[in-house]
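Remarks on the structure that follows.
Sequential numbering from 1 along the given sequence is applied to the chain's residues.
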Amino acid sequence: MSEKTPESKNGTSAGRRPPVAMIAAVAIGLTAVAGAAGIYATGMLHGNGAETGACEAAIARGQELKPLLTGEIAAMAARSEANDLSTLAFNDGDGQPTTLAASGGKPRLVNLWATWCAPCRAEMPALDRLQANKGGADFEVIAISVDGGSDDKPRAFFDEIGIANLGFYHDPTIGAFNTMKKESLAFGLPVTVLVDEENCVVANMNGPAEWDSDDAYRLIDAVIKKED
């Protein structure tokens, strides 16, 4: 995937929501990703309830959590259709192919991002802090770079901003984005989905958020408590 969007010089300070101008960059991310059309994940998903009873528990959980989707995470929407992302494919930190199912057994916040996406860059420190404060055996943030080419650029960005808690995941084919797009989960970057222990989507969001805010922590605490 070619780099189509110049990097923004407008950063955001910790604890502040990205300005409207940065949120508008989501549309630019959509244009850049759409330019790489035709690349899709090799695994087929159940999607939209194609299998009887698929992800019913995740849909019910999303409805239970709707009162918590407010404030800094108000753009997140509970799912009303089944989306099983078990076969979502990407590379792990060693460059080896893996799937979302390999990290199953706990709720996860899956985020697709790219270095050329300004709002993605702005929210990455908050995702890192969320992983630091809530990550563990019961929850994980999985941030997947969809930058084209080698790991060098997204790894350099992690080093540049001091990411210390997030694992490194990369999908240079942007197949993960196109898979989510086919599932009506992704329309631009960043895109974030909350999945349950069975890899079913509980809620999804397009655009950035303050993931280390009290609103986000209340949501994750509720999800983790449900697993106890």
Side-chain angles (χ1 to χ4, degrees), residues 1-8 18 22-48 75-77 79 81-93 95-103 108-124 127 140-155 157-158 166-195 199-209 211:
M1 186 173 79
S2 60
E3 297 176 6
K4 300 178 184 290
T5 305
E7 296 177 359
S8 169
M22 297 192 76
I23 296 176
V26 174
I28 299 175
L30 172 59
T31 302
V33 172
I39 305 174
Y40 292 91
T42 56
M44 293 300 293
L45 305 186
H46 299 161
N48 299 323
M76 178 162 268
R79 293 301 290 168
E81 298 180 334
N83 302 98
D84 182 352
L85 295 183
S86 296
T87 59
L88 189 75
F90 48 94
N91 296 333
D92 63 20
Q96 298 302 307
T98 188
T99 64
L100 190 61
S103 65
R108 283 140 295 155
L109 193 74
V110 183
N111 175 273
L112 303 186
W113 67 281
T115 58
W116 44 260
C117 164
C120 301
R121 295 170 67 95
E123 75 173 354
M124 199 57 59
L127 287 167
E140 182 180 3
V141 178
I142 297 181
I144 306 169
S145 166
V146 295
D147 284 273
S150 72
D151 292 351
D152 293 348
K153 195 162 192 176
R155 281 192 179 278
F157 174 66
F158 267 28
L166 293 174
F168 182 82
Y169 302 102
H170 188 198
D171 173 30
T173 73
I174 72 162
F177 176 88
N178 281 317
T179 294
M180 288 196 190
K181 184 178 179 182
K182 289 177 70 177
E183 290 288 295
S184 300
L185 296 168
F187 305 101
L189 290 177
V191 57
T192 307
V193 296
L194 177 65
V195 300
N199 313 301
C200 291
V201 179
V202 174
N204 69 300
M205 175 188 290
N206 282 265
W211 291 110

For [X] and [Y], work out which heavy atoms get closest and say how close.
X    : Y    : result
I144 : L88  : CD1-CD2, 4.4 Å
A75  : M205 : C-CE, 3.8 Å
A176 : A89  : CB-O, 4.0 Å
P172 : N91  : CD-ND2, 3.9 Å
A186 : F177 : CB-CE1, 3.7 Å
D84  : S86  : OD1-OG, 2.6 Å

May I ask you to decide if [Y]'s main-chain N or O and [X]'s side chain share a donor-acceptor pair within less than 3.5 Å?
X    : Y    : value
N83  : E183 : yes
N206 : L185 : yes
D147 : T115 : yes

Any heavy-atom pair between the side chains of [Y] and [X] that's under 4.5 Å?
X    : Y    : value
P190 : P119 : yes
N111 : I142 : no
V195 : L109 : no
V110 : L85  : no
F157 : M124 : yes
N204 : M76  : no

Rounded to the nearest 0.5 Å, what's the gap from [atom1] on [X] to [atom2] on [Y]? Could you check?
X    : Y    : atom1 : atom2 : result
S145 : L189 : OG    : CG    : 9.5 Å
L127 : C120 : CG    : SG    : 9.5 Å
C200 : R79  : SG    : CZ    : 11.5 Å

#### Entry: M180 vs L112, side-chain contact (heavy atoms from CB on, under 4.5 Å): CA-CA, chis, key distance, verdict
CA-CA 10 Å; M180 288 196 190; L112 303 186; 3.8 Å; yes
#### Entry: All side-chain hydrogen bond (donor to acceptor under 3.5 Å, both in side chains) counterparts of S103, not counting sequence neighbours
R108
### Message
Going by ring-ring contact (aromatic ring centres under 6.0 Å, His included), name the residues that satisfy it together with F158, two or more places apart in sequence or in a different chain.
### Response
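F158: ring-ring contact (aromatic ring centres under 6.0 Å, His included) contacts with W113, F168.
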### Task
Return yes if a side-chain donor-acceptor contact under 3.5 Å exists between H170 and D151, otherwise no.
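Yes, a side-chain donor-acceptor pair sits under 3.5 Å.
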### Task
Please name all residues satisfying side chain to side chain contact (heavy atoms under 4.5 Å, CB included) with T98, sequence neighbours left out, ordered by chain then number.
F90, D92, A102
